[in-house]
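Naming convention: chains lettered A, B, ... in sequence-line order (proteins, then strands); numbering from 1 in each chain.
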2 protein chains.
Amino acid sequence: MTASGSPVRQSSVRAHNLALVLRTVANSADRPSRAAISTSTGLTRATVSALVDDLIAGGLLTEHDPAPRTGAGRPAAGLALSPAGPAGLGLEINVDYLAACVVDLTGDVRHRFVTQSDQRRLSPSASLASLGGLALRALEAASADGLAIAGAALAVPGLVAPNGIVRVAPNLDWQDVDAPALLNVLPGLGGLPITVDNEANLAALGELRADSGEQSFLYVSGEIGIGAGIVLDGELYRGGRGWSGEIGHVTVYPDGRPCRCGANGCLEQYAGQEQIAADADLAASALGIALAAVVNLLDISVIVLGGTYAPEFPRLRPGIEAELARRVLTAGLAPVTLRAAALGPDAAMRGAAGAVIQALIDDPAAFLIRTA
Amino acid sequence: MTASGSPVRQSSVRAHNLALVLRTVANSADRPSRAAISTSTGLTRATVSALVDDLIAGGLLTEHDPAPRTGAGRPAAGLALSPAGPAGLGLEINVDYLAACVVDLTGDVRHRFVTQSDQRRLSPSASLASLGGLALRALEAASADGLAIAGAALAVPGLVAPNGIVRVAPNLDWQDVDAPALLNVLPGLGGLPITVDNEANLAALGELRADSGEQSFLYVSGEIGIGAGIVLDGELYRGGRGWSGEIGHVTVYPDGRPCRCGANGCLEQYAGQEQIAADADLAASALGIALAAVVNLLDISVIVLGGTYAPEFPRLRPGIEAELARRVLTAGLAPVTLRAAALGPDAAMRGAAGAVIQALIDDPAAFLIRTA
DNA sequence: ATCGATTTGTTTATTGGTTGAATTATTTGG
DNA sequence: CCAAATAATTCAACCAATAAACAAATCGAT
């Protein structure tokens, strides 16, 4: 076994503290001053000033005149993420639609393009070519706004390896598709760094950014299949091979309905899109059983229902909660919160774009060096 | 929402690099030289030398003459964890026994005391008092060896809050027991820092340290109840409130046998100690169904069976593997490894002691400052 | 109006810690 | 016995954060 971890030098210190300052501004409800950042991070005012200078010079932060006049003393200059700073391109490919959007540093959706079209008949390269067209329109719109694009992220309904290759996407009929490579050869997408991730994972990240506060939750996405994104302590848990969250194939009834995966009684056979319509009570109960297992295993206290579950939430809620109350060991000690997703069907696409700018916020030093 | 994270100063750099060097030595099969550490960590030889000096002065490392003569050049001085360095005290309280052990920095069990006695009739303070007696004997034995004790960790079969209070331990009939406080008033245990954790969690940590290589696995402990420790990327996952791993109450048969927790069809009713003896096939199948859910959710590729499952492993294995093959979505893409625990019934106690010295290895700077 | 109090932000000398190059130490091989 | 090779140490330089002094801008009170 080789030693893990990497050495820390002074430049790492600066990188870390740059990220700390930027994150503090990003997570702030108001526009904090340098002094406020100093007290909330524990860094000296002098250090904060120096770091902020770099971030402003790099186009990540902007200085504003502060609206609120409080007491005595020199007025503070409010700092905020720059809407003119680098933006993220979010892409999504799904069974019956393609989508692209541009989200700026502040999290605003600046442009949004969606085309409805069935992808099941198309080859992966054909699907990705149409998506590339959509992406190009988004890039042009961004460029018209003077926005630089820091990178792109693509959401797919399937298992994605860490290197971005889609191992299998059953509902698209994809196998071992090198999506980043196929996208990068398209016009306009040449040098763009592109990452690929599971649709539910990115939707979970979208929820993490959209709704404040919750740092650990399970995002359950009901589409044609059922996937889940697991967020632990503010970070997406991907599993050893990136294949976590396959809640759709958790066994609910061991001798139940046969599933296309070969097993019997998978959740997907009771709480899939069609099954909800047929019998909402059964779907809720099955979901509750599977979710109780997740809570017992991971001690997660918040569950977010997304995708097609979001509009059905009022109808599903009682049945799910009943099973949770009955089957979660610690239900008596602390409740489990159940809520519908805040972002609608755009969650995955916005999560993808958000992932790009989150990467930027988590490591601004990399961006500053790249553009220096 | 307040900003998370803390600032990094130069002293943090040194703390990080001290831990990096120490960890490199700890994870090394042989006795690495300063030069070897330098190349494997990326730190300069000069820096490594300075850090190693501190670690030797603090009693954490020792220098050895190197046995193997390779080629030309000045021979390297081999570095290793010091057996005379600070040791950890591992404690365990369970339904039918108490145990204490002293493990030195190198991981060797230096002393071990176990007494069989039923704890179900005793009050928490009475149980802890007898355990304190055992601990005192262990401390005296360590002191006779000239070993300093850096801290203690206690394994209990129950839910433990982050502050060390045992919220509930059903089989001991404990509720809201402040174990660290009760132990600290006992003779000889005065100033000792004591942490408390779930038995399965600590056993999982024991396995992590004992068996090399696997960084993500599920440790399933079959005792009177069934618990699990989840190790992700080399770290124990405790969940939001520290109550993760309650696999014993994952639903296997939704309308099955009633459980003492109030639900129906919990795993514990099919794969508990008595049930294995009664019907090993049923136990294996139920375990397989629950474990398949874990693998689908967390993409874990290694499962370790401990506690009473370890001796039964050959009998359980085929039944579990059959269910895993059938119910794990990615079973065709990559296999799930199943194995028996390497440490026997001592896993939790040794894991507890190991947790103490692991904390030391993860942050030697804290220890060096304390003893400077 | 003016001065002191107050808070923000910048400047400057100092300190801690890593780096890189030169130096010393210790062995093998010709 | 000397050259080559490898290990470890010494020392000046550099980078980044800190602490303290200083400059800027406002409020409040006389």
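Although no hydrogens or angles enter the test, the distance criterion places a donor-acceptor pair under 3.5 Å between the side chain of R110(A) and the main chain of P83(A).
Protein atom CD of Q10(B) is 13 Å distant from nucleotide atom P of dT15(C), rounded to whole Å. Note: CG (L20(B)) to C1' (dG17(C)) measures 15 Å, nearest angstrom. The distance from atom CG of L18(A) to atom P of dC15(D) is 16 Å, rounded to the nearest whole Å. Between the C1' atom of dA8(D) and the CG atom of L55(B) lies a distance of 16 Å, rounded to the nearest Å. Residue R9(B) contributes atom CZ, which lies 16 Å from atom P of dT18(C) at whole-angstrom precision. Counting to the nearest Å, the P atom of dC15(D) and the CD1 atom of I369(A) are 13 Å from each other. Atom CG in L51(B) sits roughly 16 Å away from atom P in dG16(C) (whole-Å rounding).
Within the structure, a side-chain polar atom (N or O) of N17(A) is placed less than 4.0 Å from OP1 or OP2 of dA17(D). Residue T44(B) places at least one side-chain N or O under 4.0 Å from the OP1 or OP2 atom of dT19(C). For the pair R14(B) and dT18(C), the criterion of a side-chain N or O lying under 4.0 Å from OP1 or OP2 is met.
Looking only at side-chain heavy atoms (C-beta outward), I361(B) and L105(B) come within less than 4.5 Å of each other. A heavy-atom distance below 4.5 Å is not found between the side chains of Q358(B) and L208(B).
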Sugar-phosphate or base contact per nucleotide [nucleotides 1-14 of chain C; S, B, -; heavy atom under 4.0 Å]: -----BBBBBB---
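Taking every heavy atom of both residues into account, T39(B) and A36(B) meet most closely at OG1-O, 2.9 Å.
Applying the side-chain hydrogen bond (donor to acceptor under 3.5 Å, both in side chains) test to R9(A) and every residue at least two apart in sequence or in another chain returns nothing.
Remark: L79(A) CG to S28(A) OG distance equals 10.0 Å, nearest 0.5 Å.
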